[in-house]
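Atoms considered below: every heavy atom in the structure, side chains included; atoms not considered: hydrogens, waters and symmetry mates.
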Amino acid sequence: MQVQNDAQPYDTINITPMLDLAYVLLVIFILMTTAGVQGLKMNLPKPSNKPSTEKHDVKIIKVQPAGTVTINGAGVSMAQLETELNTAKAKDPKFNVMIAGEANAPYGGIVSVIDLVNKLEIENVGLATGKIGT
């Protein structure tokens, strides 16, 4: 009769308890991270049912591929553009400016127009975009 010796090393490792512990830790981690995220508090503007009665002038500044600038279709230099924008701001401080660039327009021209608008501290500025390739 052979007696089994408990001092013999095991030739296999039982990883089931280790996996059970990993799964429990994973569940605890998921529960703790979702419990910590309650959401963001934001103050969003409330929509109004009545239409705005304010009417403001709109100046459309377009940069052409040759680097020339037009304001509402009339070609101007950067100095003339600055004068026209100052005049429009004196008439109506809340007037709108839309900056558009042709597809092949130099990026530096668009940036110089944006810099000019920022220098004049015009608040209502938008960038007109279109589909690429049209």
ask   = Would one find more than 12 heavy atoms of other residues, nucleotides or ligands at under 6.0 Å from atom CG of Leu21?
value = yes

inquiry  = Quick check: is Val113 connected to Ile60 through a chain of hydrophobic side chains (ILVMFWY, heavy atoms under 4.5 Å apart)?
reply    = no

Distance in Å, Glu84 CD paired with Ile71 CD1, rounded so as to fall on 0.5 Å steps = 4.5 Å

key: Leu26: which of Ile30, Val24, Ile28 passes side-chain contact (heavy atoms from CB on, under 4.5 Å)   = Ile30

key: Transitive ILVMFWY side-chain link Val97 to Val111, under 4.5 Å   = no

query = To the nearest 0.5 Å, what is the distance between OG (Ser77) and CD (Glu82)?
reply = 10.0 Å

request  = Please report the closest heavy-atom contact between Val125 and Ile122, naming both atoms and the distance.
outcome  = CG2-O, 3.5 Å

Heavy-atom closest pair, residues Leu81 and Ile61 = CD1-CD1, 3.8 Å

task = Would you please name every residue forming a side-chain contact (heavy atoms from CB on, under 4.5 Å) with Gln64, sequence neighbours left out?
result = Lys62, Thr68, Thr70, Glu102

note = Correct closest heavy-atom pair for Pro65 and Pro106 would be O-CD, 3.5 Å

key: Taking every non-hydrogen atom, the tightest pair across Asn124 and Phe95   = CB-O, 3.6 Å

note = The reported gap from CG in Leu116 to CG in Leu85 (rounded to nearest 0.5 angstrom) is 6.0 Å

ask   = Is there a chain of hydrophobic side chains (I, L, V, M, F, W, Y, each step under 4.5 Å between heavy atoms) that links Val58 to Val117?
value = no

message = I'd like to know whether Phe29 forms a side chain to side chain contact (heavy atoms under 4.5 Å, CB included) with Leu25, so could you lay out the CA-CA distance, the side-chain angles of the two residues, the decisive distance to 0.1 Å, and finally the verdict.
response = CA-CA 6 Å; Phe29 176 73; Leu25 290 174; over 6 Å; no

message = Return the CG to CD1 distance between Asp115 and Ile110, rounded to the nearest 0.5 Å.
response = 12.0 Å

task = Test Asn96 against Lys59 for side chain to side chain contact (heavy atoms under 4.5 Å, CB included), laying out the working first.
result = CA-CA 6 Å; Asn96 301 308; Lys59 299 288 183 185; over 6 Å; no

ask   = Is there a donor-acceptor pair closer than 3.5 Å between any side-chain N or O of Lys89 and the backbone N or O of Glu121?
value = yes

